[in-house]
Every structure is written in structure tokens, then in C-alpha cells.
Amino acid sequence: MKEYSKKEIWEMDKNHFIHPYTNYQTFKQEGSQVINEASGVHITDDNGVKYLDGIAGLWCVNIGHGRQEMADAIAEQVLKMQYYNPFGHSSNVPGAVLAAKLAELAPGDLNHVFYTCGGSTAVDSAIRLVHFYNNQRGKTNKKQIISRNNAYHGSTYVAANLTGIHATKNSFDRIADSWISHLSAADMFHRPSGAEQLNEARYTQFLVDEFENRINQLGADNVAAFIAEPIMGAGGVLIAPSGYHQAMHKICQQYDVLYIADEVVTSFGRLGHFFASDAIFGMLPDIIITAKGISSGYIPLGAAIISDRLYEVISKPQCEGGLLSIGYTYAGHPVACVAALKNIEILERENICAHVQDVGPYFQEMVGSLSDFKIFGESRGMNLMLGVEFVADNETNQPLPDDADVGNRVFEHCRNHGLIVRPLGNIIVMSPPLIVTKEHIDSMTAILRSAIELTMSDLVKDGYI
Ligand SMILES: Cc1ncc(COP(=O)(O)O)c(C=O)c1O
């Protein structure tokens, strides 16, 4: 690539690159911070300023940035055979080997892999496959997909409609003849009034009853699937009460409704296991959606991993010579699959899941120790997935108004001190690369402490607290 000045890059970006989820009011003046280099848990911007990447790119760089052996594996595959089409009976070695490896790592009988280029397309494809599955079984009315408020499932049309962060859909169209509905989020911190006094078991029952009532309202013959993240990520790291996933799964089985676990964030080690559904929540879904950490962001890749039961049905031709007519040019892309295989090799060789189980509780504890600040509402999460919610006063948990912009303020102060966190309204999220050490965690906590102190001063100055 030709060399450009910093200013030229900044302008090309500002004038031509449509960024995802961006406030264009500010973007048109401020443009982007351009990140130029990355190594281990650090990133460096085009001014040479180094930051600890507290969000692993975007919940994805699980093995850390800039691994030489990833570059070597990718380069070797590019030179050997960078692409050939995966349609019909044509395949490639990395695509086949990775599918078998994913079948080995995924729980139970989730043995069949439908490849995509990311998480949203994996969600969309899974829904198409679920509808096809029901059509094949003669259950052609079974179309309804039940999701949850605050869920994030992606940005393609169906995935965006399944998403329950409803503000993201302002002025965007919804799917017209809606076969999508949302339940309450499973969220211990914001239990609805009335349920507030409930203990965990009763809160679970409250949510499960809501689900069962919804199935009955819609008619079980019309309900195809339930989709849920094990821990909601972009919705604010929301933790379900204990027993929730198992109980929801039981209802699914009772009403012939498929359970789709969206593990785009929680798979490949973030919670200390390759997949969280079974290992942590004791529940075997019918489909697992994965992306992000599958290739640690070195090359885009996603997948829907489906059960033997589903495979048996969808792999029967719908008519003489009928095709399973779904799939992408880049499905099972050999370079992406090689990257995923090398990524998994590193995760296994370096025992990264065990490391996460070791440092994860320390991370949660250290950030939790900042609760002496009045605006520190709660920190929550599991292992290397963590959110901090800020409030006006943690005695009462009274929320701060949106225009206090507390998440962005904390983000800016953290960034000025060399740490990247992710602001989401009144929440900041942290999900560092899984190779983070206790020393890194100590620096992250110290920076966050200073950032909260500075944010408190700002909020006092501006009359919010
Ligand atoms: C739980 C979940 N599902 C799906 C997606 C969409 O993935 P992608 O952005 O790769 O399309 C995301 C992205 O953050 C996610 O967090």
C-alpha cells in the first residue's frame, strides 16, 4: 500500500468509511482515532500512543494481537491455496479439519458446522435453517422466534430484529409480518418492580413463566425457536439468575421449540471454556452460534453449529434433486479456517481456558473493589467478561440521566490514561485479551480508579451528583 500522511488517512476515513454504530453528528467533525499497531494486550495509535486493549478489539482478540505463528499459518495457506468454492461437493482441507475440530469441542451432539463470515450472518443462517427444518417436518406454521429485551444478535436484517436493544432500531424498519418477539431480559440488577423482592429461584420462575405464557399466547405450533446469549454482552453484561438457562431449555423441549445459544462472545475461552452453554450453564442447546474468538479477529469467521437431530432433517432433500440452498461464497474459507485452527491450537497449547479461570475471578474482584465510589452501581460478569454500571448514588441505585453521558466520560478518562474500555450508556464493558496477566489487571484497575475519580469531579462540576 502507498504511504499516506496521518492527515490524509484521517480524511479518507472521515469522508469515505461508513463506520458501524457511529454518532455522525460528532464523527463529521472529530473523525476517528486510527489504530496502527497491536501486539499482545496492547494497541498503538497513529500518534504512537500505546493503550492496554481492555476490550480485545471488540470481544474477539482472545489469544492477543500480533502473533507471528498466526501470520505464518495464514501466509502459508494463502500461498498454498487461498480460495476455492465450497458449494456442492467441493471442499478444502482447513474447512473440513476445522468442522471436525468444532464438532469435537462443541458439547453433546452438536456435530455439524455451517460456516459464515461473522456472527450476524451465523444468526441469520441459523434462523433460515430452523424454518427450513420445520418446513421439512411439515410444521410450516412454526415460524415465531422468541428473543429478549437487551439481547444483541447482530446487524443483518433478521439479527437486528432479534436484537432487543430497541433504541438501535430507531428509524430503521422492522420485519413487516413480524415473527419475532421479545421477552424480559434476564437481569439480576434490574429486576422489574414487583419482582425486586424475589430471590433468585423465584426470579427465574417469573421469567420462565413469562416464556411459557408467550408460547401459549402465540400457540406452540407457531413457535420455532428461542435465542439467547448465555450472558448478555452488548446489552450491558447482564447476568441471568441461576438455573435460568436450564429452566428455559426445559420449556423449549416441552413445546418442541429449538434453543439457539448465541455464544458469539462467550465461546472460545472468554468464560474459561470453549463453549459456556453446557460447561457453565449445564444446558445443551440445539444450535450454538459462534464468531469473534473462533479466529481471535485475525480473519473474519462465524459458524452455526447444529445438532445431529437438526442435521438429519435438513440434510434430506425437500424434493427429488432439491438442494440445501443456503450458503456463502466464503463459507469455510480456507484462510479463515486455518486461522481458526491455529487459534484453537494456541488456546489449547497455552492452556488459556485454565488461565482465564485463574485470572478471571481476580479481575472481577479487583474491579469490584472500586465499589467505594458513590457512582459505582455494580460490577458484574464472569471471568474475562465484565461490566460496570454507574448510578447517581449506589445507596439507592438511582440512575444517572442519559445526558450525564457517564460511560463516555469514564471511557475518555481511561483512554487518556492508556486503557481502552467500551462505553454503553451508563455502563462500561471490559473484555481484555485472554492472555491478560494479574499485573495487567492491576494497571487496568488503577487506571479505572483514576478515571472514576475524574468522572465524579466532572459530574459534580456539571451538577449531576
Ligand atoms: C452475542 C452476539 N451475537 C451476534 C453478534 C454479531 O456478530 P458480528 O458483528 O460478527 O456480525 C455479536 C456482535 O457483537 C454479538 O455480541
Side-chain angles (χ1 to χ4, degrees), residues 21 23 26 51-56 58-59 149-152 164-168 184-193 196 229 231-240 265 360 362-432 441-465:
Y21 285 87
N23 177 346
T26 45
Y51 305 87
L52 206 156
D53 178 8
I55 58 172
L58 195 56
W59 326 87
N149 293 332
N150 281 98
Y152 186 74
I165 308 169
H166 299 296
T168 60
S184 305
D187 171 7
M188 287 295 288
F189 189 64
H190 303 97
R191 277 180 259 179
S193 53
E196 221 136 29
E229 300 149 86
I231 293 178
M232 286 191 188
V237 186
L238 305 181
I239 312 278
V265 168
Y362 182 72
F363 181 48
Q364 299 286 333
E365 184 192 324
M366 289 304 286
V367 176
S369 74
L370 303 178
S371 64
D372 48 324
F373 289 105
K374 154 179 150 150
I375 61 165
F376 191 102
E378 176 184 71
S379 73
R380 51 181 181 252
M382 187 182 286
N383 286 333
L384 294 181
M385 182 174 183
L386 182 147
V388 179
E389 178 151 348
F390 296 98
V391 293
D393 182 347
N394 61 8
E395 289 278 301
T396 57
N397 279 342
Q398 189 201 329
L400 280 159
D402 289 349
D403 64 0
D405 210 14
V406 64
N408 268 324
R409 291 182 198 248
V410 176
F411 160 75
E412 287 292 354
H413 288 306
C414 281
R415 187 165 65 168
N416 292 339
H417 288 79
L419 169 67
I420 303 295
V421 301
R422 183 157 177 239
L424 294 168
N426 288 347
I427 298 166
I428 55 134
V429 161
M430 286 194 280
S431 57
I441 290 170
D442 290 343
S443 334
M444 290 168 80
T445 313
I447 294 174
L448 187 57
R449 177 173 281 283
S450 311
I452 298 175
E453 261 161 22
L454 291 165
T455 302
M456 292 256 304
S457 311
D458 295 346
L459 294 173
V460 169
K461 193 163 60 79
D462 295 343
Y464 286 107
I465 54 173

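More than 12 non-hydrogen atoms from other residues, nucleotides or ligands lie less than 6.0 angstrom from CG of D403.
Looking at Y464, its side chain never comes within 3.5 Å of a backbone N or O of D405 through a donor-acceptor pair. At distances below 3.5 Å, not a single donor-acceptor pair connects side-chain atoms of R409 with backbone N or O atoms of L459. E229 contributes no side-chain N or O that, together with a main-chain N or O of G235, makes up a donor-acceptor pair within less than 3.5 Å. Under the 3.5 Å distance criterion, the side-chain polar atoms of D53 are left unmatched by any main-chain donor or acceptor of P432. Looking only at distances, a side-chain donor or acceptor of N394 sits under 3.5 Å from a matching main-chain atom of F376.
Counting all heavy atoms, side chain and backbone alike, A392 lies closest to I375 at O-CG2, 4.2 Å. Of all heavy-atom pairs between P423 and N408, the closest is CG-OD1, 3.4 Å. The nearest pair of heavy atoms linking Q364 to L386 is OE1-CD1, 3.5 Å. Closest of all the heavy-atom pairs between G54 and M444 is CA-CE, 4.0 Å. For M430 against V367, the heavy-atom pair with the smallest separation is CE-CG2, 3.9 Å. Closest of all the heavy-atom pairs between I165 and N150 is CG1-O, 3.6 Å.
Using a 4.5 Å cut-off on side-chain heavy atoms (C-beta onward), I452 and H413 make no contact. At a threshold of 4.5 Å between non-hydrogen side-chain atoms, the residues T445 and F363 do not count as touching. With a 4.5 Å cut-off on side-chain heavy atoms, K374 and I465 count as touching. Side chains of F390 and I428 form a contact here, defined as non-hydrogen atoms less than 4.5 Å apart. Counting heavy atoms from C-beta outward, C414 and L448 have side chains that approach closer than 4.5 Å.
Between the CE atom in M382 and the CD1 atom in I231 there is a gap of 4.5 Å [rounded to 0.5 Å]. To the nearest 0.5 angstrom, L52 atom CG is 6.0 Å from L419 atom CG. The OG atom of S431 sits 8.5 Å away from atom CG of L384, with the distance rounded to the nearest 0.5 Å. Distance check: M366 CE to S443 OG gives 10.0 Å after rounding to the nearest 0.5 Å. One distance of note links CD of E453 with CG of D458; it measures 12.0 Å at 0.5 Å rounding.
R380 and E389 are joined by a salt bridge, as a carboxylate oxygen and a charged side-chain nitrogen come within less than 4.0 angstrom of each other. Of the charged side-chain nitrogens involved, at least one lies within less than 4.0 Å of a carboxylate oxygen, so that E412 and R415 count as a salt-bridged pair.
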Determine, stepwise, if the pair Y21 / T168 fulfils side-chain contact (heavy atoms from CB on, under 4.5 Å).
CA-CA 9 Å; Y21 285 87; T168 60; 3.8 Å; yes
Evaluate side-chain contact (heavy atoms from CB on, under 4.5 Å) for V391 paired with L400, printing each intermediate quantity in order.
CA-CA 5 Å; V391 293; L400 280 159; 5.6 Å; no
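Evaluation of the side chain to side chain contact (heavy atoms under 4.5 Å, CB included) rule for D187 yields A185, F189, H190, Y203, L238 as partners, not counting sequence neighbours.
Only one option out of V237, V388, L370 pairs with S379 in a side-chain contact (heavy atoms from CB on, under 4.5 Å); it is V388.
In this structure, a donor-acceptor pair under 3.5 Å is absent between the side chains of N383 and Y362.
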